[in-house]
Amino acid sequence: MDKLVVRGGNPLTGDLHVSGSKNTALPLMAIGLLTNGPVTISHIPDLKDISTFRKVIEVTGATVTGSPSDHQLIIDASNLNRPEAPYELVKRMRASFYMLGALLGRTGQARVSLPGGCAWGPRPVDLHIEGLKALGAEIELDAGYVVAKATGGRLLGGRVRFEPSSVGATINVLLGAVLARGESILENAAIEPDVVECCLMLQKMGAKIDGIGSRTLHVQGSDTLNPVSYTNCPDRIELGTFMIAAAISGIPGKPVSIHHANPEHLGVSFMESFDRTGAGVEIDGSTIRVTAPEELRPVSVRTDVYPGFPTDLQAQWTVLLAKAHGNSKVLESIYPDRFKHIPELHRMGVNAIVVGDEVVIEGGKRIQGTSVMSTDLRASVSLVLAGMIAEGETQILRVYHLDRGYERVEEKLAAAGIDIKRVSYDEWADPN
Ligand code: UD1
């Protein structure tokens, strides 16, 4: 297994480059299954989750070519003959559940494993299933699998209302709706950039979707869609993580440039909160320059659906608040128990306690390096950030969580001045 070893105190001084979005690349790959012929997707990040989803796609008989290091994949579903997603792969990554909508849309049937829980608690998929039922699918649960069928081999279309708004369910139902016989209306649809990117790619393939970027999507089903080439968008969560890194460990007055960024995708709430910390932000096309302030101000946040503060940035924000002087709170409204990073940060001296769906932070306390455990993707990067501002050395164990979603993060940070390296270790070795 690998761990990251960070020696705190070095300032972030160099440039950083944002990779392609993980959370968008995965559904874009699923979209590649909706047509006969090669679909080329570029700006794909080289990540564990991408190689897992590649395997999920290959189970169906579709081919995936292209090397991850070239950041481009070609998906050809001309020979899709096995509409299944097995537990062995779905358990590794919940986004595999996008296969339900994609396979139902494309073939009129699907057998997809239920994903189960995730590292920070239950994450239901009832809205995905109810939505596809509303489009005409007959769905049964069989030994941990969702077995779905459209009468006559094709979904009909229908009206779906998502309550609460869900990124995953909106995309899954959209994947079914674009190849349905009739019209579908998706109400209270998610408007996260991931959903908008999916709509834009589908539109390029010939799908008829009205209301893109709004809470109501009108989809007129098509008989077929066309193979296209599409460029994935930059990763908004990696951008937000790098902005926080620059604010907490940049040299005051000396901007850190972050390239290949799309700050609009972060939403207004993050940008306003960031501004209120006292950090400077200058946007110059796809480059964003962040200047650390002399002293960070504590800014409480509440996670919410887009354009609200992203749940995927709350763990990193907590580290910023631990450095800021004063008291603050982080309220998690999307996943109220997503706080597995707090006990680990506590071991480093961060004074933060969980009260219900909130974390209360007393900032400005001494942060010390020690060994800490990654528990999930965003929690692990928050530990890297804490290590960057801690005294001494921090060892972040079980870094495979981080590898699911951050492309070569230690190389990027090391090139920008941070003392960080990857080391192999045996977790069960005798400490003596
Ligand atoms: C969420 C985030 C997404 C992030 C991802 C991974 C939001 C709105 N979504 O997406 O930005 O990248 O986590 O960290 O911030 N729900 C149901 N039934 C369902 C599906 C969802 O009740 O079938 C609920 C969830 O419990 C949650 C809310 O709807 O409270 C939003 O869920 P959804 O957007 O689907 O979550 P993810 O797709 O996991």
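As the structure lists them, so they are numbered: ligands from 1, and atoms in each ligand from 1.
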Fill in the blank from the handout: In ligand 1, the atoms that come under 4.0 Å of a heavy atom of G168 are 35 (O), 38 (O)
Handout entry: V167, N23, I237, D194: member with heavy atom nearest to atom 10 (O) of ligand 1
Key = V167
Problem - Where ligand 1 meets T311 - atom numbers and elements under 4.0 angstrom, heavy-atom basis - result: 2 (C), 15 (O)
Exercise for the section: Mark the output for E163 as yes if a heavy-atom distance to ligand 1 is under 4.0 Å, and as no if none is. Expected result: no
Exercise for the section: Could you see which bit of H128 sits under 4.0 Å from ligand 1, with heavy atoms only: side chain, backbone, both or neither? Expected result: both
Practice task
Closest by any non-hydrogen atom to atom 33 (P) of ligand 1: pick that one out of S21, S166, G131, P124.
Solution key: S166
Exercise for the section: Could you establish whether Y335 and ligand 1 come within less than 4.0 Å of each other, counting only heavy atoms on the residue side? Expected result: yes
Practice task
Verify ring-ring contact (aromatic ring centres under 6.0 Å, His included) between H259 and H17, making sure each step is shown before the conclusion.
Solution key: CA-CA 5 Å; H259 303 284; H17 297 262; 4.9 Å; yes
Exercise for the section: Determine yes or no for a side-chain-to-main-chain donor-acceptor pair under 3.5 angstrom, with K412 supplying the side chain and V18 the backbone. Expected result: no
Exercise for the section: Indicate yes or no for a side-chain donor-acceptor contact from T35 to the backbone of L225 under 3.5 Å, with no hydrogens or angles considered. Expected result: yes
Completion exercise
CE (M93) and NZ (K55) are apart, to the nearest 0.5 Å, by 10.5 Å
Exercise for the section: Compute the minimum heavy-atom distance from P164 to ligand 1 and say whether it is under 4.0 Å. Expected result: yes
Handout entry: Side chains of Q72 and T40, donor plus acceptor under 3.5 Å
Key = no
Problem - Check: T318 side chain, Q314 main-chain N or O, donor-acceptor pair, under 3.5 Å - result: yes
Completion exercise
Under 4.0 Å from one or more heavy atoms of E192, ligand 1 contributes atoms 7 (C), 8 (C)
Problem - contact_flag G308 ligand 1 heavy-atom lt 4.0 Å - result: no
Problem - S380 side chain vs L377 backbone, donor-acceptor pair below 3.5 Å - result: yes
Problem - Residues Y230, E197; criterion side-chain hydrogen bond (donor to acceptor under 3.5 Å, both in side chains); working and verdict - result: CA-CA 10 Å; Y230 195 78; E197 285 294 320; 2.9 Å; yes
Handout entry: Any N/O pair V305/ligand 1 closer than 3.5 Å
Key = no
Handout entry: Backbone of G308 reached by a side-chain donor or acceptor of S269 within 3.5 Å
Key = no
Practice task
Report, in ascending order of atom number, the atoms of ligand 1 lying under 4.0 Å from any heavy atom of R338.
Solution key: 14 (O)
Fill in the blank from the handout: Counting heavy atoms under 4.0 Å, the part of S165 that contacts ligand 1 is backbone
Handout entry: I191, V195, D312: member with heavy atom nearest to atom 14 (O) of ligand 1
Key = D312
